[in-house]
Structure formats: C-alpha cells, structure tokens
Protein chains: 2
Amino acid sequence: MRHYFHPEIEDVCLPDVLFALSDATRLGIAVALADGKERTAGELGGSLAKSTMTHHLKVLREAGALRVRSEGTRCYNSLRLEELQERFPGLLDHLLGFAVKCGYTSADARSRD
Amino acid sequence: MRHYFHPEIEDVCLPDVLFALSDATRLGIAVALADGKERTAGELGGSLAKSTMTHHLKVLREAGALRVRSEGTRCYNSLRLEELQERFPGLLDHLLGFAVKCGYTSADARSRD
DNA sequence: ATTGATGTACCAGAACTATCGAACAATGGG
DNA sequence: CCCATTGTTCGATAGTTCTGGTACATCAAT
C-alpha cells in the first residue's frame, strides 16, 4: 500500500494551484477529472510516458488539486472539488470552464464509462 | 520611444496567464494594479533589482496580462482589464480577489497565508 | 553637452521543469 | 511461485526560470 502526501486544504496556496494548472498537460488532466470521477494514471496518460504522468500527477497532488487513492496495483486520482470549493469558492469551476472552452482535453482520456 | 510586444487578446491563452500569475511576486504586481491605474516599474518594484522587475513585467506582458505605455523615461504598466474580461470573463476579478484575501500585496509587503 | 533618472539588454549562475527510459516495488491472478 | 499489470524512483538530458550585476539606451532638465 503506497503512501502519498496530500497538503491540508488550508495549506493550499493560490500560486501553487495556478502553477499546477499552468501546464497544458496538467490542465487537460484536470479537465478530464472535472466530472468528479476517479481515474487511474493509465486512463489519463494517453501517449505520455508513465514516469511523465507520475510527475504531472505529483505536481497536481502536491499543489492540493487532486487526491490519490491507492487500491491494488492501481491509483485512483480525483480532483479535490469540495475542498477547493471551500478554499477558493468557484475558482476551479471557473478555470476548468475556460479550459474546456479552449479545448484543453486530456491527452487521450476517452470518457469510458 | 521603446517598442514592446503585446499579444493580441485573442491569442492570449489560459496556461500562459495562469503561469504569469503563479509567482508570488507577479501576483503581487497584479494585485497592485487591480485598481486599473497605471504604475511605473519603480513604483511596483520594492526592493527587487530593476532587472528582476523588468523580467517579471515582461512575463506578465507577454502572457497578455498587462500593457506597457512608454512616456518619457518611464513606462506605465496597467492590467488589460477590459480585454481580459472579454477573453476570460470574470477570471481576473476572481483570481485577484483570492490573491488579495491571501495577502499577496505589492512586491514589498508580502505576508502570504 | 553633461548629468540624473528610468528602464532594458545581456550575461551568468543556481535552481527548477518536462520528458523519457530503465530498473524497481507492489499487487493480484494463475 | 511465476508472471503480467500498474505505477514509482532514479538518472539523464535539454530547456526554462528567477535573481542580480554590469553595461547600455532613452529622455528630461540643467
């Protein structure tokens, strides 16, 4: 069972969140997770190398933007929507709205329900 | 008379704006300019080296966040509020609102939370 | 023309970032 | 126990960012 560092929501700071979302790849990941569901790194990864994906998910996680839950050999990633809504009300919705409009979709993440 | 590059507002892209604002110094600059008035690099600079200030203003300018007007020996910087409002309605207000709340004020007095 | 004020250009160094491949660890299924 | 799946860690590389110093350009005023 893996251990991941997640900052407390009150320790999440604005520049870190903005930085995490200032990369097209990570913005695409956030857009892919905007529905609130969990997805594994593999589902989000597209054609990126696994280690690159690990890196981007780590940046998002350490900025406080997403949470990882380990189960078996997989790790399920989801946005910390409610917590961020409390910390920065409306910010994520607002940002991801523009991101969708501008076409930042996850590298490959087909919505496979 | 100096010449500055300013991107067309339709070429301004979200990750660049987020990146420009993902640095505490630049976020402070943006907050200082949030009233819509113009300020010179010197007024914004605080204790930073002039060349460092030039760098940060350039990042903000090239991201499309601010406009520079040269007059005499001075350069007057102001946020592109109306244009950004058209491009990303509400984004800047929203972001700068949180930035103020979190204490990102002009380059000098920074007591982040 | 000289001086002072303001800001830029360019350089350098340290730190950081994005990307990938290879090796490794953890888990679950035969 | 062996093996495939999943993801992390490590090392490497190339590029970027932040900071400041020095030199330079521009302009105003004397």
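Proteins get letters first, then strands, A, B, ... in listed order; numbering begins at 1 in each.
Put simply, B:Arg74 has no side-chain N or O that comes within less than 4.0 Å of OP1 or OP2 on D:dA28. Contact check, A:Tyr4 against D:dT8: a side-chain N or O comes under 4.0 Å of OP1 or OP2. A close approach under 4.0 Å does not occur between any side-chain nitrogen or oxygen of A:Ser51 and OP1 or OP2 of C:dC20. Taking only side-chain nitrogens and oxygens, A:Arg26 comes nearer than 4.0 Å to OP1 or OP2 of C:dA18.
Residue A:Thr40 is in sugar-phosphate contact alone, with no base atom involved, counting any heavy-atom pair closer than 4.0 Å across all strands shown. Residue-level contact check: B:Tyr76 touches neither bases nor backbone, having no heavy atom under 4.0 Å from any strand.
In this structure, NZ of B:Lys58 is placed 17 Å from P of C:dG7, rounded to the nearest angstrom. Atom CG in A:Leu44 sits roughly 14 Å away from atom P in D:dT6 (whole-Å rounding). Between the C1' atom of C:dA18 and the CG atom of A:Leu27 lies a distance of 16 Å, rounded to the nearest Å. The NE2 atom of A:His56 sits 12 Å away from the P atom of C:dT17 (whole-angstrom rounding). If you take CG of A:Leu21 and P of C:dA18, they are 12 Å apart, rounded to a whole angstrom.
Between A:Arg39 and A:Asn77 the shortest side-chain heavy-atom distance does not fall below 4.5 Å. With contacts defined as side-chain heavy-atom distances shorter than 4.5 Å, the pair B:Leu92/B:Leu81 qualifies.
At a cut-off of 3.5 angstrom, counting only N and O atoms as typed in the model, there is no donor on one side facing an acceptor on the other between the side-chain of A:Thr73 and the base of D:dG7.
In this structure, B:Phe19 and A:Phe19 have tilted ring planes: the angle between them lies in the 30° to 60° band. B:His94 and A:His94 have tilted rings, their planes meeting at an angle from 30° to 60° on a 0 to 90° scale.
Of the two residues contacting DNA chain C, namely A:Lys50 and A:Asp23, the nearest-nucleotide position lying further toward the 5' end is that of A:Asp23.
Of the candidates B:Leu18, B:Val17, B:Asp23, B:Leu21 forms a side chain to side chain contact (heavy atoms under 4.5 Å, CB included) with just one, namely B:Val17.
Looking at the side chain of A:His55, the nearest of the listed nucleotides D:dC27, D:dT19, C:dA18 is C:dA18. Residue A:Ala49 has its side chain nearest to C:dC20 when only C:dT8, D:dT19, C:dC20 are considered.
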